[in-house]
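Keep in mind the model is a prediction, meaning the values are calculated, not measured. A, B, ... follow the sequence lines: proteins, then strands. Residue 1 opens every chain.
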There are 2 protein chains.
Amino acid sequence: MNAYERLTEYGIKPSVQRMAIMEYLMTHFTHPTADEVYMALCDTIPTLSKTTVYNTLKLFVDQQAALMLTIDEKNVHFDGDTSLHSHFLCRKCGRVHDLPYSGKKREARELMIEGHAVEEIHHYYKGICKECSEAENEN
Amino acid sequence: MNAYERLTEYGIKPSVQRMAIMEYLMTHFTHPTADEVYMALCDTIPTLSKTTVYNTLKLFVDQQAALMLTIDEKNVHFDGDTSLHSHFLCRKCGRVHDLPYSGKKREARELMIEGHAVEEIHHYYKGICKECSEAENEN
DNA sequence: ATTAAAATTGTAATCATTACAAACTTGAAG
DNA sequence: CTTCAAGTTTGTAATGATTACAATTTTAAT
């Protein structure tokens with residue numbers, strides 16, 4: 001599936017900017033911030049505005065074509081993979097890694113928890129990632 | 001346990017400001033923002049500075065005497081209850097509710113997940129809370 | 001009392017995000 | 001083709017939470 005199909009599938013009218021941003025999300029699994037998306041695309045689309053990046057990412061999230069991660073208190077991160085999975089934030093390198101969802105499968109299907117209507121599940125883990133731990137042990 | 005004991009237990013030297021802020025966290029289960037803590041205390045401690053509230057809450061979190069919740073992209077919230085539990089953010093009223101931790105108990109004790117050293121677990125749920133759903137159904 | 005370290009304060013800066021209005025595109029209708 | 005309105009993009013300016021920093025105050029030991 002390409003970016004064009006992905007957008008139309010989620011009811012988003014495609015445009016050059018929207019396709020470029022969706023394309024970026026679909027090919028990079030780095031959970032970028034809005035600024036990182038902007039920086040990556042502003043060379044190929046010189047007229048791109050940061051406002052457009054913010055607006056577009058917000059649109060994707062509203063249409064559920066992307067996830068907004070609040071794992072990091074400094075910046076919001078975005079994820080083009082909307083399947084149920086968890087995230088790990090490394091305190092050292094700041095990267096966000098994917099983890100399999102380890103909650104009870106039943107819970108993920110539940111619409112209600114303790115009387116509250118659940119629409120989104122976010123499982124975040126923080127610590128030192130594998131790569132940073134290994135780099136440290138090398139001395 | 002009072003605020004004084006709680007602070008010393010976590011290796012934090014008590015002061016009027018620190019005790020007031022810890023006392024507030026220990027008696028309010030609203031997961032306040034730094035600003036809410038400041039607003040609640042600035043009447044009784046008229047000289048209180050917002051910087052002190054930010055510094056003190058950060059100190060509590062560093063000493064693991066409080067949790068920093070990044071469930072809301074607008075504001076960081078704080079929680080004086082450091083036991084393992086989950087949180088629910090209501091999209092309507094904006095309140096953060098406590099939920100029991102529903103992950104596998106085994107996982108909570110694991111230090112490693114997929115090679116990453118886990119130091120913090122945050123399980124966040126978002127949707128419409130019980131109170132807001134009921135209020136809506138009354139018409 | 002003295003004094004150095006620690007804590008608090010107020011102001012100013014930072015910086016991610018949003019508001020807003022102008023400019024541009026698009027696509028349908030004539 | 002034009003025209004026009006709706007939707008999209010853009011740049012600039014504002015917002016608002018958080019932090020930096022330097023000055024002041026407090027603490028606790030000598």
Side-chain angles (χ1 to χ4, degrees), chain A residues 3-4 7-8 10-24 30-63 65-79 89 94 96, chain B residues 3-4 7-8 10-24 31-63 65-78 89 94 96:
Chain A
Y4 182 92
L7 290 178
T8 52
Y10 282 95
I12 299 165
K13 185 147 67 125
S15 72
V16 171
Q17 293 86 345
R18 290 173 179 177
M19 289 192 25
I21 294 171
M22 179 54 83
E23 171 78 19
Y24 188 82
T30 53
H31 312 90
T33 63
D35 192 67
E36 285 166 352
V37 172
Y38 172 76
M39 285 304 172
L41 298 179
C42 65
D43 285 332
T44 50
I45 307 178
T47 64
L48 186 64
S49 160
K50 200 173 275 191
T51 299
T52 300
V53 175
Y54 275 101
N55 288 343
T56 302
L57 288 170
K58 186 179 193 323
L59 175 69
F60 290 178
V61 172
D62 288 345
Q63 300 297 324
L67 296 180
M68 173 190 290
L69 308 182
T70 61
I71 194 172
D72 174 4
E73 76 266 23
K74 300 290 176 193
N75 295 288
V76 170
H77 291 253
F78 295 90
D79 193 346
L89 172 67
V96 176
Chain B
Y4 182 92
L7 291 179
T8 53
Y10 282 95
I12 298 165
K13 187 150 62 128
S15 71
V16 170
Q17 292 86 344
R18 290 174 180 178
M19 289 191 26
I21 294 171
M22 179 53 83
E23 171 77 21
Y24 188 83
H31 312 89
T33 64
D35 193 66
E36 286 166 352
V37 172
Y38 172 76
M39 285 305 173
L41 298 179
C42 65
D43 285 332
T44 50
I45 308 180
T47 64
L48 186 64
S49 161
K50 200 173 271 190
T51 299
T52 299
V53 175
Y54 275 102
N55 288 343
T56 301
L57 289 169
K58 185 178 192 322
L59 175 69
F60 290 178
V61 172
D62 288 347
Q63 299 297 323
L67 296 180
M68 173 190 288
L69 308 182
T70 61
I71 193 171
D72 174 6
E73 77 266 21
K74 300 290 175 194
N75 294 288
V76 170
H77 291 252
F78 294 91
L89 172 67
V96 177

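- The separation between B/Ile12 atom CD1 and C/dA6 atom P is 16 Å, rounded to whole Å.
- Listed pair B/Gln17 / D/dT26 fails the phosphate criterion, with no side-chain N or O lying under 4.0 Å from OP1 or OP2.
- Between B/Lys50 and D/dT19 there is no side-chain polar atom (N or O) within less than 4.0 angstrom of OP1 or OP2.
- Ranking D/dT18, D/dT9, C/dT8 by closeness to the A/Thr56 side chain, first place goes to D/dT9.
- To the nearest 0.5 angstrom, B/Tyr38 atom OH is 11.0 Å from B/Ile45 atom CD1.
- For the pair B/Leu57 CG and C/dT8 C1', the interatomic distance rounds to 14 Å; values are reported in whole Å.
- Nearest-nucleotide mapping onto DNA chain D: of B/Pro14 and B/Asp35, the residue sitting toward the 5' end is B/Asp35.
- Considering only side-chain atoms of A/Ser49, the nucleotide from D/dG11, C/dA16, D/dA28 that sits closest is D/dG11.
- Taking side-chain N and O atoms only, A/Lys58 has no distance below 4.0 Å to OP1 or OP2 of C/dT17.
- Expressed to the nearest 0.5 Å, how far CE of B/Met68 lies from NE2 of B/His31 amounts to 14.5 Å.
- Close to C/dT18, at under 4.0 Å from its OP1 or OP2, lies no side-chain N or O of A/Tyr54.
- Using a 4.5 Å heavy-atom threshold, the side chains of A/Asn75 and A/Glu36 count as separate.
- The side chain of A/Asn75 lies closest to C/dA16 when the candidates are C/dA16, C/dT9, D/dT10.
- Computed from coordinates, the A/Asn55 CG to D/dG7 C1' distance equals 13 Å when rounded to whole Å.
- One atom, CG of B/Asp72, and another, C1' of D/dG16, lie 13 Å apart when rounded to the nearest Å.
- Comparing B/Glu73 and B/Lys13 against DNA chain C, the residue whose closest nucleotide sits nearer the 5' end is B/Lys13.
- For the pair B/Leu41 CG and C/dT9 P, the interatomic distance rounds to 11 Å; values are reported in whole Å.
- One finds the OG1 atom of A/Thr52 at 7.0 Å from the CD1 atom of A/Ile21 (value rounded to the nearest 0.5 Å).
- Spacing between atom CZ of A/Arg18 and atom P of C/dT25 amounts to 15 Å, rounded to whole angstrom units.
- In this structure, A/Thr47 reaches the D/dT10 phosphate: one of its side-chain N or O atoms is under 4.0 Å from OP1 or OP2.
- Between C/dT17, C/dA19, D/dT18, one nucleotide has an atom nearer to the side chain of A/Thr51 than all others, and that is C/dA19.
- Distance A/Ile45 CD1 to D/dG11 P: 12 Å, rounded to the nearest Å.
- In this structure, the separation between CG on B/Leu57 and CG on B/Leu67 is 12.0 Å, given to the nearest 0.5 Å.
- Regarding B/Leu48, its CG atom lies at a distance of 17 Å from the P atom of D/dT25, rounded to whole Å.
- Remark: B/Ser15 is in phosphate contact with C/dT8, judged by side-chain N or O atoms under 4.0 Å from OP1 or OP2.
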